[in-house]
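Since the structure comes first, as C-alpha cells, the remarks are kept for the end.
Quick note: numbers below take in every heavy atom, side chains included, and nothing from hydrogens, waters or symmetry partners. A note on names: the letters A, B, ... follow the listed sequences, proteins ahead of strands, and every chain is numbered from 1.
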2 protein chains.
Amino acid sequence: MYFEKIDSLNDLKKLSIEQLKILADEMREVLLLKLSSHGGHIGPNLGTVELIIAMHYVFNSPIDQFVFDVSHQSYVHKMLTGRKQSFLEARHYDDVSGFTNPDESEHDLFCIGHTSTSISLACGLMKARDLRQEKNNIVAVIGDGSLSGGEAYEGMNNVVEVGTNMIVIVNDNEMSIAENHGGIYQNLKLLRDSKGKAECNFFEALGFEYFYIENGHDMNELVTTLKKVKDVEHPVVVHVHTIKGKGFKFAEENKEMYHAGPPFDRKSGKYIYPLDNPESYPAVTAAFLMEQIKKNPKVAVLNSGTPGGFGMNAEWRKEAGSQYIDVGIAEEHAVAMASGMAKNGVVPVLNVYSTFLQRAYDQLSQDLCINENPAVILVYLASVYGMNDKTHVGIFDIVMLGNMPNIVYLAPTCVEEHFAMLKWAMTQREHPVAIRVPAKEFISSGKEDTTDYNKLNKFAVTRHGRDVAIIALGDFYTIGRDVADKLKAECNMDVTLINPKFISGLDTALLDSLKKDHKLVVTLEDGVLEGGFGQKIASYYGTSDMKVKNYGIKNSFPDRYNVEELLIENGITVEKIAEDMEKIIG
Amino acid sequence: MYFEKIDSLNDLKKLSIEQLKILADEMREVLLLKLSSHGGHIGPNLGTVELIIAMHYVFNSPIDQFVFDVSHQSYVHKMLTGRKQSFLEARHYDDVSGFTNPDESEHDLFCIGHTSTSISLACGLMKARDLRQEKNNIVAVIGDGSLSGGEAYEGMNNVVEVGTNMIVIVNDNEMSIAENHGGIYQNLKLLRDSKGKAECNFFEALGFEYFYIENGHDMNELVTTLKKVKDVEHPVVVHVHTIKGKGFKFAEENKEMYHAGPPFDRKSGKYIYPLDNPESYPAVTAAFLMEQIKKNPKVAVLNSGTPGGFGMNAEWRKEAGSQYIDVGIAEEHAVAMASGMAKNGVVPVLNVYSTFLQRAYDQLSQDLCINENPAVILVYLASVYGMNDKTHVGIFDIVMLGNMPNIVYLAPTCVEEHFAMLKWAMTQREHPVAIRVPAKEFISSGKEDTTDYNKLNKFAVTRHGRDVAIIALGDFYTIGRDVADKLKAECNMDVTLINPKFISGLDTALLDSLKKDHKLVVTLEDGVLEGGFGQKIASYYGTSDMKVKNYGIKNSFPDRYNVEELLIENGITVEKIAEDMEKIIG
C-alpha cells in the first residue's frame with residue numbers, strides 16, 4: 001500500500017518506477033470507489049492516472065506549474081497534492097470541487113471548467129515567468145477533444161511566439177465527450193498510426209518540437225519522455241496516447257456514457273439513477289427534432305460536443321445522418337455555421353448549454369444577429385436549477401441574449417409553449433430565435449399553445465387582478481403563480497399574473513395598461529438580476545408612479561450551491577415575496 | 001478602357017487574360033482615386049485586385065458564393081458586382097459601406113467586419129448547399145492575419161469534416177494590420193520559401209488539399225489555379241502570395257500605416273489629416289505605459305493585432321521589447337494570457353477596442369473574472385463617438401463588462417481620472433480592472449485626481465443641489481453638466497451632478513441619501529440602454545418614490561450614423577433632457 005503513505009510529493013518522488021505502477025493501481029481503485037458511490041468525471045480521470053503520477057514524479061509542483069484543460073481530469077492531481085482524504089473518506093468527498101481550484105491548493109493555478117483554455121492560461125504563466133527571469137517548467141495538459149476549440153489554437157500559436165519553456169501534454173484518448181469531429185483528428189490518427197513519425201504534423205507545423213508516447217499507461221515510457229522534456233528551453237508537445245476509462249471495463253467499452261455520471265454499480269456497469277428520463281425536455285425535444293428531420297431534408301440539428309445532454313445518443317445521431325452536425329467543442333463555429341446554413345435556406349437548430357453559449361458571444365452578435373439569419377438556438381440549463389459549479393452556472397444568458405439586438409429570446413413555462421415556440425422558430429424566416437429550455441421541472445399544461453409568436457413581445461396575462469401584477473419569467477413562473485395563490489388564499493388579494501414569454505422585448509401596451517389599476521409590478525427571473533429582464537421593466541416605469549420590485553440572482557458566480565439556499569439568499573421564496581409585496585403596497 | 005464598359009460579370013468573362021491585366025491596372029487606379037480622396041482600407045484592397053478579378057472571372061457569383069473575411073478587401077468585388085458608380089463618382093462614394101453588405105447586393109452574403117469568421121460562415125453555406133443537393137462552389141477568402149483567430153481554425157476543422165466542395169483562399173501578404181505574430185506564420189513562411197512544397201504543411205495537417213500561387217498578382221497563375229480548383233469535390237486551400245498595398249509605392253513601403261486611413265496625398269504619401277495627435281488618450285496612455293515599462297520589468301502591455309490605434313507604433317514597440325506582446329488577432333487568448341500573467345505576479349495591461357473585446361466574453365468570465373486575477377484592460381472606442389460601422393460599434397461593453405461578476409469597470413471623465421484609475425489598477429492586486437477610455441474628446445480637468453479607488457463603487461458628487469440629480473457616466477458627463485448649467489441658467493434650478501466613475505457597482509449609500517431631498521434621478525450613459533448602468537439605478541429605486549429617467553442608446557446596431565443624429569433619435573440632447581426633467585418634476 002503506497003497511496004496511504006504518500007503525504008507529500010516528496011514521498012512520491014522516493015518511489016521506484018515499479019512502485020509507481022502499483023501506486024497507479026491503488027489510486028485507480030480509490031477513484032473507482034469514490035466515483036461509483038459519488039459520481040463525477042469517470043473516463044477522463046481513469047485515463048490519466050499514470051500520466052498525472054508521472055508528471056508529479058518528474059516535475060516539481062508548485063514551482064513547476066501545471067494547468068489542466070477543463071480540469072475534469074485533475075482528481076489524481078488532487079489526490080497527490082494534499083487532498084487525499086477527499087477521495088478516501090466519504091464524509092470528505094465534497095470537500096473538493098470537481099475542477100482545479102486555487103482555494104483548495106497552491107498546486108491549482110486556476111478555476112477551470114470550460115475547455116480549450118489551458119494553453120492560453122499557461123502561456124500567461126510562461127511569459128510572466130520569463131519577465132521575472134525565473135526558470136520553472138510550465139505544463140499544460142489538454143485532451144484531444146479540447147483541441148477543437150479555437151482558444152487552444154490561439155494559445156498554441158502564442159506559446160510558440162513566446163518561444164521559451166512550455167510543455168503541452170496532449171492527452172489523446174481518441175474521444176471528446178462523444179466522438180471527435182474535425183480535420184485535426186485525422187492528423188492525430190495519422191500521428192498515432194505512425195507512432196508519431198508522420199511528416200505531416202499539426203504541432204510541428206505550428207512550431208512545436210514533438211514527442212509521442214504510444215502507451216500513456218506505461219510508467220516507464222511516461223517518466224522517460226517527461227524527463228527528456230523537463231527544463232527544455234522551447235515549446236514542446238508531448239502527444240500521449242491513453243485509453244479513456246482505463247481500468248474499468250464498462251468505461252472502456254462505453255466511453256461516452258462513462259465520460260461523467262452519477263453513482264454506478266461496478267459489477268453491472270449500470271448507473272444507479274437512470275440517465276434517460278423520457279419525460280424531460282431534452283428527450284422530448286430530441287424526439288421532436290427527429291420527426292422534423294424525417295419530414296424535412298432541410299432541417300439540421302447542431303451541437304458543439306455535448307450531444308448526450310440533449311437526448312442525442314449514438315442511435316439518434318445515426319438516424320439523423322447528415323442532418324446531424326457535431327462541430328466539436330467549437331461554439332463560435334457552431335453559431336457562425338448556423339447563420340450560414342440559415343442564409344442558404346436550411347433550418348439549423350443549435351442545441352447548447354447556457355454556460356457554453358457564452359463562448360460565442362461575438363458570433364451571436366456579428367455572425368448571427370447583425371445578419372438576422374433565422375437560425376434557432378435551444379439554450380439548455382439556463383437556470384439556477386442547472387449545473388451548479390461556478391464555472392458551469394447557466395444564469396448569465398438573459399444578460400447576454402436578452403440585450404442583443406435582432407434576436408428573439410423566448411422563455412416557455414411548459415412543454416406546450418416550448419413546442420409552439422420551437423415550431424414557430426423553425427418556420428419563420430425573419431429573426432434569429434433562441435429558446436430558454438426550462439430546467440426546473442417538466443410541466444405539461446395539458447392544453448395546446450396557439451399563440452401567434454409573430455406578434456413579438458406580447459406577454460400573456462394568465463390571471464387578471466388589480467393593485468399588484470407579477471411578471472414571472474420561464475422557470476420562475478410557478479413561483480409567481482404560488483405567490484398569487486398565497487395572496488388570494490391569505491389576504492383575498494386578486495393579483496394579476498403574467499407569463500411574459502418574450503425575454504428580449506417589453507409588452508409596452510400591457511405595461512401601460514397596468515398603470516390604470518395597479519400600484520406594484522413584481523418581476524421574477526431565473527437568472528442574474530443585474531442587466532436582466534426585470535430591470536428593463538423598472539426602467540420603463542421609472543418616471544411613472546408604478547412601483548417595481550425585481551427578483552433575480554445577485555450578480556456573482558455561485559459555487560456548488562444548494563438551490564433552495566441560493567433562492568433564500570436572494571429573497572426568492574413564495575413567503576418572502578408575498579411578505580415584501582404586502583409591505584410595499586402597505 | 002475596360003472597366004467603364006463592364007456592367008455585369010458576363011462582360012468580365014468575355015475578356016482575355018491580357019485584357020484582365022489591363023482591367024486590373026484600371027481598377028487599381030480607380031481605387032487609388034477614391035481612397036486618396038475618401039479614405040478607407042488601402043493596403044488590403046490594392047493587394048487583392050488581381051485575385052478578386054480572377055475569382056469573378058473563373059467562378060460564377062452569386063451562384064458560386066464568396067465570403068470575404070473581415071471584408072475590408074471587398075472593394076474590387078463591389079466594383080464588379082453592380083456598385084461601380086460608388087467608386088467612380090464622388091457623390092456616390094458613400095452609397096456603399098466599407099464591408100460586404102447583403103442590403104447592397106446579392107453577391108454579398110453577410111455583413112462582416114470582425115476577423116476570422118469567413119470559413120465558419122462559408123461552412124454553413126456549404127453544409128446547407130449539400131443538404132439542398134446543390135452543386136455550387138463556396139469560396140472563402142481569408143488573409144494571413146485573420147488566421148490567428150480561433151474561429152478560423154474551428155472553421156477549417158469543420159470544413160474538412162463536412163468534406164465536400166470548399167475553396168479557402170488564403171491571401172498571404174505577410175502582414176496583419178501590423179506584423180504577424182504566432183507559430184502559424186513560421187509555417188506560412190516555410191510554405192512560401194519552398195514555393196508551397198514543404199512537407200510540413202499546416203493546411204494539409206488539417207486535411208485540406210493544398211495549392212500555392214507564388215505571384216498573386218499574376219493573372220495567368222491565378223486564373224489557371226482557380227480553374228483547377230473550381231468544382232473540386234473536397235476542401236482545398238489556395239495559398240496566394242500577394243503584396244499588401246500593391247501598386248502604390250507608399251503603401252507597399254509602409255504596409256502598417258497604409259492598412260487603412262483617411263484621405264492621402266498620392267505624391268507625397270502623406271495622410272491629409274495627421275494621424276498622431278499627441279493630445280489624445282491613445283497617445284498619452286502609450287507614453288504613460290512606456291514609462292511604467294521602463295520603471296518596472298514586471299509591467300507588460302498586450303494587444304491583439306491593433307497596436308496602431310493605441311499609440312504603439314513600430315518605434316514604441318521596439319522600445320518596449322519583450323514587455324510588449326501582440327498576440328495576433330486572438331482576443332480570447334489575450335484575455336486568458338493576461339489572467340495567467342497576473343497570476344504569476346506580472347502587471348498585464350491589455351489594450352483592446354470595445355467591439356473586439358466582445359470576442360473574449362467567455363474568457364473574461366471564466367479565465368479572468370472567476371479567477372479574480374488583477375489584469376488591467378483598457379477598453380478603447382467604447383462610445384457612440386467611436387467607430388460607426390454596425391460591425392464596429394463599441395456600445396455594448398457596459399452590458400458585457402458592467403454585468404460581469406468580480407471585475408471593476410471604471411469610466412473616467414478626464415485624463416486625470418484616467419491616469420488615477422490606471423495607476424490604481426496597476427498597483428492593486430485584488431481585482432481584474434477595466435477602464436473605459438474616453439472617446440469623445442480629450443479633457444483635462446487641470447487638477448489631480450486623488451480618489452482612493454480601493455473604495456469601490458463610490459460615486460463623486462460634483463455639484464450639490466436638490467430635487468433632481470443627474471448621474472452622468474464617462475463621456476456623457478459633459479452632457480449632464482451642460483444640462484445642469486442650463487437648468488441653473490434658465491430656471492435657477494440647483495441640480496445635483498454626479499460622476500459615478502464606477503460602472504460595475506452602485507453607490508447605494510449615496511443613492512439612499514438622495515431620497516431625502518430629491519424627486520428625480522436622471523442617468524446618462526454612452527452605450528446601449530438595455531441591460532446597462534442606468535437600469536440598475538431604476539431597479540434600485542423601484543420601490544421608492546424616486547422617479548428615474550434613463551438615457552442611453554436603444555438596443556440596436558446603428559450603422560454609419562451621424563453621432564448628433566443618433567443622439568437626437570435617442571433623446572440625448574441638452575435641450576431635450578432639460579425639457580424632460582422639467583416635465584417629470586412638474
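- Interface summary for chain B: among Ala538(A), Gly534(A), Ala330(A), the most heavy-atom pairs under 4.5 angstrom belong to Ala330(A).
- No donor-acceptor distance shorter than 3.5 angstrom exists from the side chain of Glu161(A) to the backbone of His181(B), with no hydrogens or angles considered.
- Between Asp367(B) and Glu151(A) there is a side-chain heavy-atom pair separated by less than 4.5 Å.
- Between Thr543(B) and Lys549(A), the closest side-chain pair of non-hydrogen atoms falls below 4.5 Å.
- Chain A forms the most heavy-atom pairs under 4.5 Å with one residue out of Asn158(B), Leu357(B), Ile119(B), Asn406(B), and that residue is Asn158(B).
- When heavy atoms are compared at a cutoff of 4.5 Å, Asn373(A) approaches chain B solely by way of its side chain, counted from C-beta outward.
- Using a 4.5 Å cut-off between heavy atoms, Ser116(B) makes no contact with chain A at all.
- The contact between Ser544(A) and chain B is made entirely by backbone atoms, counting heavy-atom distances below 4.5 Å.
- Residues Asn344(A) and Ala128(B) approach most closely at CB-CB, 3.5 Å, considering heavy atoms.
- No other option in Ala338(B), Ala336(B), Pro405(B), Pro348(B) has as many heavy-atom pairs under 4.5 Å with chain A as Pro405(B).
- Residue contact with chain A, scored on non-hydrogen atoms closer than 4.5 Å, involves the side chain of Val162(B) exclusively.
- In terms of heavy atoms, Val346(B) sits closest to Arg132(A) at CG2-CG, 4.2 Å.
- The candidate with the highest count of non-hydrogen atom pairs below 4.5 Å against chain A, out of Gly402(B), Cys123(B), Gly207(B), Pro102(B), is Cys123(B).
- Taking CG of Asn101(A) as the start and CG of Asn371(B) as the end, the distance is 9.0 Å to the nearest 0.5 Å.
- Here the side chains of Leu131(A) and Ser322(B) are in contact, with some heavy-atom distance below 4.5 Å.
- If you measure heavy-atom distances from Leu302(B) to chain A, you find no contacts under 4.5 Å at all.
- Both the backbone and the side chain of Ile184(B) come within contact range of chain A, each with at least one heavy atom under 4.5 Å from a heavy atom of that chain.
- The CZ atom of Arg359(B) sits 6.5 Å away from the CD atom of Gln363(A) when rounded to the nearest 0.5 Å.
- Counting all heavy atoms, side chain and backbone alike, Gly149(B) lies closest to Tyr153(A) at O-CE2, 4.1 Å.
- For Asp130(B), no part lies near chain A; criterion is any non-hydrogen pair under 4.5 Å.
- Considering only heavy-atom pairs separated by less than 4.5 Å from chain A, the leading option among Ser365(B), Gly328(B), Gly345(B) is Ser365(B).
- Two residues are said to be in side-chain contact when any heavy atoms from C-beta on lie closer than 4.5 Å; Glu332(B) and Glu332(A) meet this criterion.
- Within the model, atoms CE of Met341(B) and CG of Leu125(A) stand 10.0 Å from one another, a figure rounded to the nearest 0.5 Å.
- Heavy-atom pairs under 4.5 Å with chain B were tallied for Ile584(A), Thr117(A), Val299(A), Thr391(A); the largest tally goes to Thr391(A).
- With a 4.5 Å cut-off on non-hydrogen atoms, Phe396(B) touches chain A through its backbone and its side chain both.
- Counting all heavy atoms, side chain and backbone alike, His333(A) lies closest to Glu154(B) at N-OE1, 2.9 Å.
- Here the CG-CD distance, from Asn550(A) to Gln535(B), works out to 9.5 Å after rounding to the nearest 0.5 Å.
- For chain B, the nearby parts of Glu530(A) are the backbone and the side chain; heavy atoms of each come within less than 4.5 Å.
- Using a 4.5 Å cut-off on side-chain heavy atoms (C-beta onward), Ile325(A) and Lys127(B) make contact.
- When side chains are defined from C-beta on, His114(B) counts as touching Asp362(A), because their heavy atoms get closer than 4.5 Å.
- Contact of Asp326(B) with chain A is made through the backbone alone, with heavy-atom distances under 4.5 Å.
- If you measure heavy-atom distances from Glu134(B) to chain A, you find no contacts under 4.5 Å at all.
- Interface remark: of the candidates Ser556(A), Gly113(A), Gly150(A), Gly124(A), Gly124(A) forms the most heavy-atom pairs closer than 4.5 Å to chain B.
- Across every non-hydrogen atom of Asn157(B) and Ser148(A), the tightest pair is ND2-CA, 4.2 Å.
- Per-residue heavy-atom pair counts under 4.5 Å with chain A were compared for Lys536(B), Gln186(B), Glu199(B), and the maximum is reached by Lys536(B).
- Rounded to the nearest 0.5 angstrom, Cys200(A) SG and Phe203(B) CZ are separated by 12.0 Å.
- Of all the listed residues (Met546(B), Glu331(B), Met404(B)), the one sharing the greatest number of non-hydrogen pairs under 4.5 Å with chain A is Met404(B).
- Heavy atoms closer than 4.5 Å to chain B are found in both the backbone and the side chain of Val327(A).
- With a threshold of 4.5 angstrom between heavy atoms, Leu191(A) does not approach chain B through any atom at all.
- For the 3.5 Å distance criterion, the side chains of Asn187(B) and Glu204(A) fail to qualify, holding no donor opposite an acceptor.
- Asn201(B) CG to Asn201(A) CG: the interatomic distance, rounded to the nearest 0.5 Å, is 12.0 Å.
- Phe110(A) places a side-chain heavy atom less than 4.5 Å from the side chain of Ser339(B).
- Contacts with chain B were tallied for Lys343(A), Lys298(A), Arg129(A); Lys343(A) has the most, counting heavy-atom pairs under 4.5 Å.
- Put simply, of Leu206(A), Val521(A), Ile537(A), Val160(A), the one with the most heavy-atom pairs under 4.5 Å next to chain B is Leu206(A).
- Taking the side chain as every heavy atom from C-beta outward, Gln358(B) and Gln366(A) approach each other to under 4.5 Å.
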